[in-house]
Amino acid sequence: MLVKQRLYFPVLVIIYLQLLSSRFASSQISWYLNASRLNSTAGLPTSWINKPFSLADSTFGLSVLTPILVSGTDGTKCHLFAFHCNVESTECFLGILFAFKNIPASEDKYYMDSRLVWSANRNHPVKPNATLQLGQDGNLVLADSDGALVWSTNTNGKSVSGLNLTETGNLVLFDNTNRTIWQSFEHPTDSMLPGQSLVSGQKLIASISATNQSQGLLSSTILNGSLVTYVDSDPPQFYYASPLPDISYFNFDGQTLTALQYPPTSPAQFIKLGPDGHLRVYQWEMKVFDWKDVYDLLTPYAGNCGYPMVCGKYSICTNNGQCTCPPERNFFRPFFERKQDLGCSQLTSIYCNSSQYHSFVELRNTTYFAFEFNHELTSSISPLKGKKLEDCKRACLSICSCKAAVFKYDSDGAQRGSCLLLNEVLSLIDNEGELDTRVFLKVQNSSKSQDSSKAQNQPPIISGGKKPIPLRVIIGSTLAAFFGIILSISTCFVLFRKRTHESSKAGDLLDLEPILPGILARFPYNELKIITEDFSSKLGEGGFGSVYEGTLSNGTKIAVKHLDGVGHVMESFLTEVKIVGGIHHINLVKLIGFCAEKSHRLLIYEHMVNGSLDRWISHKNPENGLSWRTRRRIISDIAKGLAYLHEDCSQKIIHLDIKPQNILLDQNFNAKISDFGLSKLIEKDKSNVVTRMRGTPGYLAPEWLRSVITEKVDVYAFGIVLLEVLCGRKNLDLSQADDDVHLLSVFERKAEEELLMDMVDKTNEDMQRHKEEVTEMMSIAAWCLQGDYTKRPSMTLVVKALEGLVSVETNLDYNFTNVPQVGAGKQQREATISSILPSILSGPR
């Protein structure tokens, strides 16, 4: 039964306490137990290095952990203070986690849960080799692998003598009298453990999302004797205040709120403010060996619609829990048609310098989550009382930052009420049945429509006395009108034929809908202009267009590729949407959505903060160069991405344009393959495809001259990229001496002279320290660069070679452009002629 559960519950890691004690017995960590302190450290200086190692069996999956302190190991659970690294990257957090004993069990075997209940600076994850040091000055400092300061307790000069993790999960710095100098309970993140208190000035801050641990905008704190939750905007918008949520889980004296364990017999418990704004109680269930959401503290008061982002910005939460945009589609559209809960966007931005064109969209029977609480809690955003409806609207129009006005009539039947002005519009609430509340959303009208509206309201111009119209004028006018009608009909017919022809060429766009996954969204062009601030921040430029930075409403950074031109650009667009929209792999850049509107063709991707690999290959500054470990991981990532394309998709996908410009790096230097505009699909039962030459000079395999190609052209291009990464230089480098301009020529010569070590990146000390390993990997590059494509390995085999599971072929031909002679005849001659056409070659994109 336990084996089945492992497939569904969060990734856990088996922790053998005996292993921990033996592993660290001789290290700098002092492990000891006593009556007052459990697993604390004393004696300075003390430091720990993040050296992640696996504590998992193959059934559970892989996680990595560097333990520092353990507490409560004599019971069914314990707390860990440790470096915990993400399964799929080198992103690590220093924090406190739970571990649970497998009951019944015949040995001290614990399972670590991957949820952090406290972490040090979650806005800045660290990498392997990050260091935590408790210095002689009494300050506990976390520094990243590059030495950058990430976090500290700021306890300099406070006589700190040791570090302790209590049985309640509280990390404590203490002095030689056991007095607490600093404790994690006073610096909460998004969670509270039983026994932990919250006072005014302290707050829980939710993460941005379940996958992004950085601080979001939702917070919970003590204010004016109440527990409040709010959006930390300017000014703040509150969505909950007293009464105190279920008293069973809290003790509150008006100043201090203390979390309780209820029932007291539960194995483990914590309270967490989630990214969705819910304040939930989680309890460990031994039967299912997982956390269970046992109580939602705010929902009894807030209901389903009382949360700031339950439906996203500008979206209305209905009584049945559904989300919908305001009905005025000329002004508002969903961000994603298939996921209405992600909010709505304004099609036209509001500009302060054109306030004469501002007006309102009125939503009757609608209210706002913050209306009830804000006037009770803070004067910074309190509703204006005793105002007339027109006064409320006029006040919003007169303030540039005001985006909406909420008005509620007083209950005494007077024509006055309360007015709330909003600088930020989050989720709205359908208030059906209560007719005294309405919302006015400020919108921007176009100047042309406004001018035309004004013109229609102008009084007619009255002319002087009329004169009789001559007969010839009447006849001439009639004939002119007749010929005008004929001309108009002819023009419409021509335009209709042309449009029909164009629509038939673009018919593939309509065919995209059935094959696109549900998460792939169609973006309106006007919305992309808003997201990218009118395409003002360019990330890069290439042969098919430019890439711009943008930000979604939830704060997520995106990259928007704007394709320019027609013909091959349309083909590239369709290919990329069809291919990338239907696959997902950790080493392929994720396609979020697309825009196909009139002549506009845009692709929306996840944002890769470290840009393309070509920026990092030939770094002249040694401090900014990539380490051997990072380069090795990048190479492995590229290989895994290509192996997935070639072997694991329903159709074999040949990328056809593998080069450093099309390899993107995320914040942790994980590599992902991008730009599938030139890709080709091959059915599984076919081994090759006939196509015109496509790709980038310098990365084209020799067999392109025969036009019949296989996935081995990607293997060849991978070999080039592999060499570039190892040597720290581009394939074609005109700054080199004449004999060294072409990297492949240098590789052939150095291999013949048995001087491959001379090719290792000389600008990087770390690469020089690993010369032997680097030159061993060069043999994989040579294997991939064989002129005879049948002798090249598959990418699956390359992955195994990189992992040391298979050996590289030894009988390699270092004449990488040597193509075996085949009887291609006319086909070969035609392919040779087509190879000189520059229009089909791709530049950096």
Indicate yes or no for a side-chain donor-acceptor contact from [X] to the backbone of [Y] under 3.5 Å, with no hydrogens or angles considered.
{"X": "Thr229", "Y": "Tyr239", "value": "no"}
{"X": "Gln261", "Y": "Ser266", "value": "yes"}
{"X": "Asp190", "Y": "Ile205", "value": "no"}
{"X": "Asn123", "Y": "Gln215", "value": "yes"}
{"X": "Asn670", "Y": "Asn587", "value": "no"}
{"X": "Arg631", "Y": "Leu626", "value": "yes"}

Throw together a table of side-chain donor-acceptor distances under 3.5 angstrom for residues 138-147, partners on residues two or more places apart or in other chains.
from   : atom 1 : to     : atom 2 : distance (Å)
Asn139 : OD1    : Thr153 : OG1    : 3.2
Asn139 : OD1    : Asn154 : N      : 2.9
Asn139 : OD1    : Thr155 : N      : 3.1
Asn139 : ND2    : Asn156 : OD1    : 3.3
Asp144 : OD1    : Lys127 : N      : 3.0
Asp146 : OD1    : Ala148 : N      : 3.0

Listed partners of Lys800 passing salt bridge (Lys or Arg N to Asp or Glu O under 4.0 Å), at least two apart: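 Checked Lys800 against salt bridge (Lys or Arg N to Asp or Glu O under 4.0 Å); zero matches.
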All salt bridge (Lys or Arg N to Asp or Glu O under 4.0 Å) counterparts of Glu606, not counting sequence neighbours: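 Salt bridge (Lys or Arg N to Asp or Glu O under 4.0 Å) list for Glu606, sorted by chain: Lys672.
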Please enumerate all residues that pass ring-ring contact (aromatic ring centres under 6.0 Å, His included) together with [X], with sequence neighbours excluded.
{"X": "Tyr230", "answer": "Phe238"}
{"X": "Phe93", "answer": "none"}
{"X": "Phe252", "answer": "none"}
{"X": "His585", "answer": "Tyr644"}

All side-chain hydrogen bond (donor to acceptor under 3.5 Å, both in side chains) counterparts of Asp296, not counting sequence neighbours: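 In terms of side-chain hydrogen bond (donor to acceptor under 3.5 Å, both in side chains), with neighbours along the sequence ignored, Asp296 is linked to His278, Thr299.
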Results of side-chain hydrogen bond (donor to acceptor under 3.5 Å, both in side chains) for Gln183 - residues two or more places apart only: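 side-chain hydrogen bond (donor to acceptor under 3.5 Å, both in side chains) check on Gln183 returns Asn170, Glu186.
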Geometric cation-pi criterion Arg115 and Tyr282, 6.0 Å radius, 45° cone: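 Arg115 over Tyr282 ring: yes.
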Within-4.5 Å side-chain heavy-atom neighbours: Pro263 and Gln283: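 Answer yes - side chains close enough.
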Non-hydrogen side-chain atoms of Tyr262 and Val281 separated by less than 4.5 Å: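 Contact flag for Tyr262/Val281 side chains = no.
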ring-ring contact (aromatic ring centres under 6.0 Å, His included) contacts touching residues 127-151 (sequence neighbours left out):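 Those involving residues 127-151 are Trp118-Trp151, Trp151-Trp182.
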Ring centres under 6.0 angstrom apart (Trp48, Phe83):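 Between Phe83 and Trp48, which both carry aromatic rings, the centre distance is not below 6.0 Å.
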Val228 versus Ala241, closest heavy-atom pair with distance: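 Distance-wise, the nearest heavy atoms are CG1-CB, 3.9 Å.
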Nearest heavy atoms of Ala268 and Phe98, plus distance in Å: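 For Ala268 versus Phe98, the nearest heavy atoms are CB-CE2, 4.0 Å.
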Of all pairs that satisfy salt bridge (charged side-chain N to carboxylate O under 4.0 Å, His left out), the ones with a partner from residues 195-222, not counting sequence neighbours: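 Passing the test, one end in residues 195-222: Lys203-Asp232.
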Donor-acceptor pair between Ser207 and Arg122 side chains, under 3.5 angstrom: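 Side-chain D/A pair, Ser207 to Arg122: present.
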Between Ser427 and Ser315, a side-chain donor and acceptor under 3.5 Å: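 No donor-acceptor contact under 3.5 Å links the two side chains.
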Spacing of CG belonging to Leu69 relative to CG belonging to Leu163, to within rounding of 0.5 Å: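 Between atom CG of Leu69 and atom CG of Leu163 there are 5.0 Å.
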Non-neighbouring partners of Val199 that pass side-chain contact (heavy atoms from CB on, under 4.5 Å), sequence neighbours left out: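 Val199: side-chain contact (heavy atoms from CB on, under 4.5 Å) contacts with Gln202, Thr256.
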